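All values reported here derive from a predicted model rather than from experimental measurement. Each chain gets a letter, A, B and so on, in the order its sequence line appears, and its residues count up from 1.
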Amino acid sequence: ADKLVVQAGVPAPNTNAIAIYVAKQACLFRDEGLQVDLQYTSGAPLATQLVAGDKADIALVSYEPYLLGYDKGIRGKFFYQAFDRLIYFIGVPVDSDIKSIADLKGRKIGVSNMGSATVIVGKSMLRSAGLEPVDSAFLPVGIGDSALAALRGNQVQAVALWDAAFAGLERSGAKFRYLYHPEIADFGNGGYFASDKTLASKRDQLERFSRALAKANLFMLANPQQTLEMYWRANPAGKSGLDAASANEKGMAEIRFKSPYFERKKDDTFGRLDEVLYEKYQKMMKEEGSLATLVPVKSFMDGSLLPAANRFDRDAVMQKARAWTGSEVCN
Amino acid sequence: MNPSQSLAGAPSAPAKKTPVRSGISRDTLLVIAVTLAGFGIWELAVRWLQVPQFILPSPMAIAARVAQDFTSGLIFPHFLQTLVEVLAGFLLATVIGVGLGTLVALVRTVERVVYPFVLALQTVPKVAVAPLFIIWFGFGIEPKIVTAAVIAFFPILVNVIAGLKATDPRRLLLMRALKAGRWTTFCKVQLPGMLPYLFAGLEVGIIFAVIGAIVGEFIGASLGLGSLVIQRQAGVDVAGVFSVLFYLSFMGVALNLALRWVARRWVFWERPTDAVSA
Amino acid sequence: MNPSQSLAGAPSAPAKKTPVRSGISRDTLLVIAVTLAGFGIWELAVRWLQVPQFILPSPMAIAARVAQDFTSGLIFPHFLQTLVEVLAGFLLATVIGVGLGTLVALVRTVERVVYPFVLALQTVPKVAVAPLFIIWFGFGIEPKIVTAAVIAFFPILVNVIAGLKATDPRRLLLMRALKAGRWTTFCKVQLPGMLPYLFAGLEVGIIFAVIGAIVGEFIGASLGLGSLVIQRQAGVDVAGVFSVLFYLSFMGVALNLALRWVARRWVFWERPTDAVSA
Amino acid sequence: MGQAMRASPPPAVTPLRALAPVALELKELAKRYPTRDGGMVQAVASVSATIRQGEFIAILGPSGCGKSTLLMMIAGLVRPSSGSLTFGKPSHDTHPDFGIVFQDPVLFPWRTVQANVELPGEVVGMPREQRARKARELIQLVGLAGFEQQLPSELSGGMQQRVAIARSLMLDPQLILMDEPFGALDAMTREQMNLEVQRISLESGATVVFVTHSIAEAAFLANRVFVMSGRPSTVREIVQVDIERPRPIELMASDRFGVYVSHLRGLLNVTGDAS
Amino acid sequence: MGQAMRASPPPAVTPLRALAPVALELKELAKRYPTRDGGMVQAVASVSATIRQGEFIAILGPSGCGKSTLLMMIAGLVRPSSGSLTFGKPSHDTHPDFGIVFQDPVLFPWRTVQANVELPGEVVGMPREQRARKARELIQLVGLAGFEQQLPSELSGGMQQRVAIARSLMLDPQLILMDEPFGALDAMTREQMNLEVQRISLESGATVVFVTHSIAEAAFLANRVFVMSGRPSTVREIVQVDIERPRPIELMASDRFGVYVSHLRGLLNVTGDAS
Ligand SMILES: Nc1ncnc2c1ncn2[C@@H]1O[C@H](COP(=O)(O)OP(=O)(O)OP(=O)(O)O)[C@@H](O)[C@H]1O
Ligand SMILES: Nc1ncnc2c1ncn2[C@@H]1O[C@H](COP(=O)(O)OP(=O)(O)OP(=O)(O)O)[C@@H](O)[C@H]1O
Ligand SMILES: Cc1ncc(C[n+]2csc(CCO)c2C)c(N)n1
Ligand SMILES: [Mg+2]
Ligand SMILES: [Mg+2]
């Protein structure tokens, strides 16, 4: 089997890479003649750097590091989009009097840190509602418990985070009302990335890799319960601390939270790269002053693998998924 | 002025240690009592003040998680992984710290030329140079060991240097009189003489090796207590995080105690004797 | 066996330091030479091996950023913020380290009861509890100071304890003979006697205070070198990150040198005199 | 006294002892040190004695016999394994003020000579001016004028020991304990110091317990000389030197003095004159 | 010699000096120590002397006059400020093997008595067995048999000094430098040690330079006694003791010996007999 190294933009197993876990354990990579190693990094920028420097084959990352790193020499292309919508949005407590972006006037928004892309998106959202997007509207509060504490202590009245971070907060019992960017909320700003060199030399492997991912997406839609089991096998820490029933309930909620993508676009092309929204998105980043030079879409995306990636017997995969008991798994 | 008057009110001689034998049980009891009291207050505070679990979980909740992590066996592979990283990193740090420290202390040129660089590197946050670590040392256990070693070696280095510089010059004179070579002098005079300092450095070093391994895992790992912390943090599983912290602390304290036990046996001559402590 | 024969081949006496005056210029030159050589090799390696700038920028590129950060004035507020955090944290660490260390060394019960907890707390990775610090100490400068202090205090503590335990017992006897109180004994005998150890601890401590402040800023800050690192890392601005690391190292080295300067003046009696080093 | 004597024993009456109140009473004092291998070393077997105020006691005995240990027990710095020790005023169970000179100088390397001598004054809170003046006087007394600002590491061995002597006299103590204070001094300095100690003890009325290896020094200075046996040590014999004090240095050449020296020498098995 | 003498000077002929080859030649040796305040202390002004192989030189002088400094310069442990020092075989510019006893014991606290004495043997790579045997013999010689396994901290001051003496003899050195080695010993032990040092020096033919404060000891042991002036010191007078060696301890009581002692005492301004 051909070996591929995938670099995740997160420091430890998490739901972001769930398609990889599924493709591995359901033997979808094996069926495509691939052996995939998943490695973790402290963040998307590091994963992007490593892949652009050919230290690994594929990165599973959000788009911002590439865009921001373009004028520092980062090259390569995203060939498969993994997210279905902008992972950055704003959450306010469900009982908050903030109902719209405009209500954020004069309020403080918590962000993980001032370097986070959530600041960019948050500013853009403020601007869209005619509010002044000043730095002082944001306060770094970290993620998780400290963010919750900031909300509870009223140091901030809203938090701008990303999907997985909100999923974590929700898992701990907090309830949010979410505010999305009015124009680009549907842009799935993350995917699989490879250097131009890899794209040229391992084109065939990347195509098979993409196909396995597409099959995995379908598999997840067909059998969420087994998807959760696979996730737990890859990340035993994901379920610990709870009795079986509530673990299952929370786990399914998280899977659902993470994968509306697959439900909404099940009839669409898996991994489709959205050029129109991409242009909007990077314009927004430039407008907020974080992006110096625009990156032409041709330098950013390469959708040429997708047709072949989506060419497979969907019913067979659905069947396999439904019949999956987890008694035998690939590694 | 009559000095005896001024002395009259002065407190008596400095406190002296009670013999070890009679001390152990009382102090151990005290530790247990303090621990229980601390946890009791914590538990009650969390309950009465209704501190949410995500801010500070109750000791009971943490204890339950600790027990569960143990019985489910989930913690063991992580614990072992981190332990290996810590020990390997500590060993490396000790070798480098003692070696470099010796050079720095004994060769003035090395001190002036190398030490500034060591210092400069020391302040660099390891997470910031993670890409280099990964590129140089790969994705396996190596970068974690290196991180542990890099963080742990500095206190060892500094103490080795301080210990060597504090060598009683008359002992060096004696070795010169014997025409002992540098190496012999080092082995027979400076090395034993610096042991009290060295062990102080190692005591800090072993603790920092634990921290270093964790930081290394934060850069990216699927196994190890640090990676477990990240996963649980992401899930706002605060009790789960505290459970991992418990195992981490256990590791640190156990390693430190082991080291202090070794220190007591090796630095036996510094134990105050009855003559002065009676 | 004739001892004189065995001695004949032995190397001469251990190296002794050359006087400071003549040393400075030569060693400084050497440091500069080594630095230049190092950067030269780095520059050439990056060029020849075509290491991408976003993985390891060339020294020239970093130097340009360092200069730019300086002339644009961008670095100063961050530098100042971190410096304040470091100094405040270090001060706090020194006070706690010396205070607690003294208690631990002088009162056996404190040693047995408190020390295990200190150790346990020490192994806990600060990044993991930093969120709690934020919750407890707010979102301002305080949690960064606390993080710096918590990381820096341990080496200080350990050295204070080691230093106090190494007190020459005959000096204590003398103070007992004078019926000196505990406090007087401490101030006049144990405190000065432990200074060499203390300064070794402080030297490590100041460096760790820098690291601690950065770790504190990593968790959430809008000002400070650590927050700048995070921001530039997110922007894959590697040369920018290295520029910040340069300023961080500068801060660490400068603070450490200042401390060693103080140490040399305060621990003057440990300087080897001409009598033994000639 | 199963010991063959080489000279006639001295007369048995002692005016001072009869008159002065008791300063110090030792009752079967003994000390055992634990050794590393779990055993015990009996350093002092059983010492009993009554010492009166203003008395000058010299202790003579072989090296390692327990003289320092005995002195340290009197100073309250080593706890006796058995036996008891009481001081003049029984109401006080604390030790009286005393000055002490250890066998090593035990100076503070970070303090200058002046500051080392001032230390006891600092401890009892003597005013700065008075303390400085007194220290200067004492430094002069021990012949170190001009070295006030030196560090101990810049002094010779004998000079260091003299700093320690000056320090022990800082508080005009009523009890002075000295462990071979003049061992590192040359003969002339030693003679001067002997005269000074004699003068101080007589002027202040202090009780002095003085360990020495010099038989002549012991006989010259002491009211009574305790001659100790080898380890485990007891006081083998107490030799009373019934010569009025102060004693002039020329006394040493006299026959009267020679009788005591010969007697002590015989007790200690010394043949020649090398001490 | 502007000094008034109390006894007639000794005769001027010395068989040993004339015969033996030169072991050590000092030419206007001087030492200045820098002080902390930037000044200089002149410890030794100018010492010139020729010392022959097998000679036993004693150095007498007031405390702080520079005796230890001179000894350390001979040992090569302190660099002279001016002057020169040459050893018997001019081809060697390194120092010959020598044994040294410092004014303090300078023992290694982590080594037992046995291991401390063995140290020089270890340094030169003496076989383990031989080294252990030799060390046991020397420990016996200094009267510490039975204390082999004790740590220095468990010994009395005099016992520690005896360990240092044993150590200095470990390598049968041809040059022995001793700085007040017996200052902490009682009279009887000191006498024994004097006899031992005399025996060793005669048997091995070693050259000995011996600093002492005991005038009688110097006269008893030495071929020549260097009497030093106060600081900055020079050798004020060299007193040759023309009595054949080995000398019995009873010699000390003789008039012949007394002449030398009185002469030295006069040179050193000593009145009494307290040394
Ligand atoms: N390291 C030093 N720095 C400055 N001065 C020193 C140093 N060592 C010795 N001296 C001075 O040199 C002089 C001679 O010292 P040395 O130790 O040689 O005397 P000594 O004759 O051995 O005296 P003693 O009989 O007391 O041992 C002393 O006055 C002392 O103050
Ligand atoms: N800390 C100790 N541990 C064990 N044994 C000790 C300790 N201190 C002293 N001793 C033993 O006690 C005995 C008496 O020691 P001490 O110091 O009282 O002798 P001393 O009469 O003062 O001898 P010196 O004239 O040599 O100073 C010695 O044999 C010594 O070995
Ligand atoms: C594939 C992928 N998954 C998750 C994140 C999470 N994430 C989004 S923003 C942010 C912090 C820095 O802005 C992090 C960790 C990502 N970036 N890429
Ligand atoms: Mg003694
Ligand atoms: Mg001397």
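In this structure, B:F79 and B:F250 have tilted ring planes: the angle between them lies in the 30° to 60° band. In this pair, A:F166 and A:F89 present their aromatic rings parallel. The plane angle is below 30°, not in the 30 to 60° band.
Top candidate by heavy-atom pairs under 4.5 Å with chain A, chosen from B:S243, B:S227, B:S222, B:A239, is B:S222. In terms of heavy-atom pairs under 4.5 angstrom with chain B, the leader among A:L50, A:V5, A:L148 is A:L148. Most heavy-atom pairs under 4.5 Å with chain B, from the set A:D37, A:L169, A:L38, A:N235: that is A:N235. Per-residue heavy-atom pair counts under 4.5 Å with chain B were compared for A:A12, A:A149, A:P13, and the maximum is reached by A:P13. Ranked by heavy-atom pairs shorter than 4.5 Å toward chain B, the options A:G53, A:P11, A:G144, A:A8 are led by A:P11.
Around CD of A:Q35, the count of heavy atoms belonging to other residues, nucleotides or ligands within 6.0 Å exceeds 12.
Counting heavy atoms from C-beta on, the side chains of B:R65 and B:F242 never come closer than 4.5 Å. Side-chain contact between B:F199 and B:N159: absent, with no pair of heavy atoms (C-beta onward) separated by less than 4.5 Å.
Checked against the 6.0 Å centroid criterion, the rings of B:F208 and B:F154 do not qualify as a close aromatic pair.
Contact of B:I134 with chain A is made through the side chain alone, with heavy-atom distances under 4.5 Å. Using a 4.5 Å cut-off between heavy atoms, A:L46 touches chain B through its side chain atoms alone.
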